[in-house]
Number of protein chains: 2
Amino acid sequence: MNREHFVYDFLAAKKAGKEHSEEEIRTFFSMMMKDDIPDYQISAWLMAVCIKGMTFNEVVHLTLAMRDSGRTLNLDSIPGIKLDKHSTGGVGDKTTLVIVPILAAAGVPILKMSGRGLGFTGGTTDKLGSIPGFRTGLSIQEAVAQVQRWGGAMVSQVSDLSPADKRLYALRDVTATVDSIPLITSSILSKKLAVGADVILFDVKIGSGAFMRSLDEGMELARMLIRVSKAAGKDSVALLTNMDEPLGRAVGNALEVREACELLTYPHSADRRLLELCREMVANGLTLAGKKKSINEGYEEFDRILNSGDGARSLERIVSAQGGDPSIVAHPEFIPSTDNIIEVRAERPGYVTQIHAGECGRIAMAIGAGRSKLENDVNPSAGIVLNCHIGDYVERSQVLTLLHDPMGLMNDEILARFRSAIVIKAERTASTPLLYGELSSLNSTEEECIP
Amino acid sequence: MNREHFVYDFLAAKKAGKEHSEEEIRTFFSMMMKDDIPDYQISAWLMAVCIKGMTFNEVVHLTLAMRDSGRTLNLDSIPGIKLDKHSTGGVGDKTTLVIVPILAAAGVPILKMSGRGLGFTGGTTDKLGSIPGFRTGLSIQEAVAQVQRWGGAMVSQVSDLSPADKRLYALRDVTATVDSIPLITSSILSKKLAVGADVILFDVKIGSGAFMRSLDEGMELARMLIRVSKAAGKDSVALLTNMDEPLGRAVGNALEVREACELLTYPHSADRRLLELCREMVANGLTLAGKKKSINEGYEEFDRILNSGDGARSLERIVSAQGGDPSIVAHPEFIPSTDNIIEVRAERPGYVTQIHAGECGRIAMAIGAGRSKLENDVNPSAGIVLNCHIGDYVERSQVLTLLHDPMGLMNDEILARFRSAIVIKAERTASTPLLYGELSSLNSTEEECIP
């Protein structure tokens with residue numbers, strides 16, 4: 001191979017829609033990680049991949065080459081089938097805070113690494129950061145020891161996993177090359193595979209508050225995640241879930257921790273959709289990890305753990321182990337909050353037909369709950385609490401939402417945007433299902449392996 | 001328009017195959033020329049353009065935006081209809097050296113700007129550089145004055161024409177985004193339109209020694225060149241010519257100047273294909289510039305000027321005006337040459353069925369006649385002289401070519417490549433035509449204008 005012409009030929013091949021070989025992909029990434037390939041060549045390649053696509057084999061090779069660009073963890077010292085979970089990112093999604101303690105209580109070891117929020121979607125690391133004293137920055141040794149002892153840990157993603165993904169993502173973000181199933185798949189999976197769990201639970205969000213806008217796109221991504229995971233030797237399940245309206249009631253870091261604690265402590269007053277998704281995820285996690293034989297047994301186990309308070313106690317142990325104040329679980333009102341709360345009331349009576357999740361996320365970001373650049377800070381107590389769901393009937397002047405605005409950033413423009421995001425009509429429209437479907441490698445009849 | 005998101009949206013639009021508006025293209029180029037757009041965004045856009053293409057309107061806007069990125073000349077002080085000529089680049093193409101003096105002698109003003117050779121194709125500036133004393137680096141004022149006085153000038157392209165093209169080309173060259181009709185068209189025309197001639201003669205080369213490998217591609221480029229020129233207010237003609245074998249006998253700078261001088265001084269012994277192409281170009285140039293009503297009248301004028309010696313005298317005046325030794329025209333043997341000449345003889349008798357132009361160009365480059373990078377020097381006397389054409393019968397041991405190797409770079413590998421480039425077979429194959437066709441805006445019935 002002529003290395004001088006290699007990159008040129010690699011770009012020309014993808015431009016022409018040809019398939020890269022494993023060796024070519026490995027060579028490209030090995031040169032890239034040695035800084036032998038300038039950004040302008042990488043970005044031209046990313047654009048060609050976006051437009052021309054990749055075969056399944058290429059996505060497998062790409063994912064594994066990216067995984068191998070950095071550190072890979074070894075979780076063998078943790079007994080049992082380790083589970084990992086990934087959500088493609090939504091608004092108000094605090095499921096991690098609920099399912100990690102429940103799965104840990106059910107005996108499924110879970111070392112959950114999370115990122116910080118960016119754009120209109122939140123990040124679990126920011127949410128945990130609102131718990132006084134809570135340390136997300138555990139070392140791998142500390143995290144492994146905690147999972148060995150308590151079954152679960154929720155930590156910041158270590159920085160040296162899939163550095164190739166960081167390099168690519170920085171360019172994708174500024175060259176309009178984010179929305180590519182092969183690139184999204186390899187970005188998600190290269191990091192998940194580097195963490196080294198045995199089975200993976202994916203939550204592919206679809207709707208106005210998600211990166212995947214259509215069910216078709218979401219299905220394609222879910223299918224690719226499952227197939228590539230399987231090729232890399234990991235069984236997995238992908239749930240396809242609705243993200244047209246925010247998940248649960250709260251959007252914003254401390255508010256979401258509070259909602260998660262309330263769900264575990266007072267499950268009977270929990271938001272039904274949030275509860276339903278957590279139940280679905282836990283049941284699937286239990287079957288994936290071989291703890292239960294059927295989804296129905298998984299549901300029963302979830303109900304038992306939740307209603308007995310075992311889930312709340314499990315979260316207390318994890319919070320305590322990571323330096324946080326465990327009393328917030330039983331007393332969610334201890335979580336820091338703001339007094340500057342603005343009520344938004346209905347201007348007319350009628351049925352709520354839309355609560356635009358993307359707009360809710362952006363409004364929460366505008367009042368300090370999120371960040372547009374990774375170097376920015378977030379305000380833990382900023383956010384939104386929704387008092388209604390799509391399909392609800394509301395009276396005129398009924399409080400629809402509470403805006404928690406600790407920095408006083410609210411203004412007429414934000415209020416107007418918020419009013420447009422919540423649509424009230426005289427006629428009720430059918431509410432959309434929470435769960436569109438699921439794909440699992442366990443009941444797949446396809447035979448696929450790394451060629 | 002939100003400038004922060006403009007570039008992202010511009011890339012996303014082309015990725016999705018959407019049409020850019022004139023304003024968007026102008027904004028992109030104006031930001032680019034202010035260094036507001038990093039290379040990685042430009043190259044991603046180039047890749048998207050390569051794959052998704054551009055509409056005719058987009059190519060017009062792109063070409064004009066690139067033209068306006070730098071200096072535009074005003075040739076109004078030269079009376080008459082000024083002609084310009086562009087060849088897409090071939091091997092052994094010395095037509096400029098012949099047709100500029102002939103057109104000048106026929107009263108068609110021509111200020112010809114040329115580049116330096118790169119890769120396997122030569123550049124007129126390098127060829128002229130082999131004439132002792134000849135100055136290609138005239139100022140615009142000097143060049144205009146010379147055209148006013150003598151009808152023609154052959155100079156180096158000034159550096160500030162279409163700087164946007166320089167920026168794009170540097171990236172296209174390393175990101176496999178060269179072969180795009182919209183990008184090639186705008187690259188050629190932005191510079192031609194900046195020079196400011198009234199009519200343009202294009203020579204689109206097709207074959208192994210050209211950038212366009214197929215007639216279909218060549219036709220597409222020719223058509224786009226003609227249509228965009230017309231939209232910019234310039235009539236033009238595009239010849240589609242064969243570049244499977246080198247044009248004429250000589251490949252290499254001084255050798256090509258010598259062949260051009262010999263053609264003008266001893267037309268009856270000139271290479272027929274070279275003569276035919278020059279005749280076609282001049283006849284079309286004369287009709288384009290309104291000097292002749294028909295191509296046949298143009299042929300007659302060419303024959304008269306050539307056979308009377310007026311063409312040779314015109315070249316003497318131009319060479320002299322630009323500081324060169326005019327005696328080389330009547331005495332081409334005065335042009336510097338090398339004594340280190342290697343004969344390559346036929347290994348078997350038979351018909352020449354192939355003389356691979358691209359390989360001839362690369363071999364000439366390998367022995368010093370060309371450069372792979374613009375900063376390299378060329379050796380003026382290095383090159384190849386062919387003693388045969390496709391279709392000729394040759395005896396065993398007959399001299400096929402002479403390799404002029406002033407630096408002694410010849411070796412067995414180059415010789416072997418050269419032998420493979422010239423194929424001799426027992427059966428004669430049909431020789432390919434020199435001229436595949438031509439397109440002209442003069443007899444076009446299409447109505448096109450800048451929308």
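Each chain gets a letter, A, B and so on, in the order its sequence line appears, and its residues count up from 1.
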Q.
Looking at every heavy atom in both B:L171 and A:Y40, which two are closest together, and how far apart are they?
A. CD2-CG, 3.5 Å
Q. What's the shortest heavy-atom distance between B:V178 and A:Y8, and which atoms?
A. CG2-OH, 4.4 Å
Q: Measure the spacing between OG1 of B:T175 and CE of A:M47 and express it to the nearest 0.5 Å.
A: 12.0 Å
Q | Residue B:K52 excluded, over 12 heavy atoms near NZ under 6.0 Å | A | yes
Q) Which atom names give the shortest non-hydrogen contact between A:L11 and B:V174, and what distance separates them? A) CD2-O, 4.3 Å
Q) Would one find more than 12 heavy atoms of other residues, nucleotides or ligands at under 6.0 Å from atom CE of B:M219? A) no
Q. Does any N or O in the side chain of A:K15 come within less than 3.5 Å of the main-chain N or O of B:A176, such that one atom is a donor and the other an acceptor?
A. yes
Q.
I'd like to know whether NZ of A:K166 has more than 12 heavy-atom contacts from other residues, nucleotides or ligands below 6.0 angstrom.
A. yes
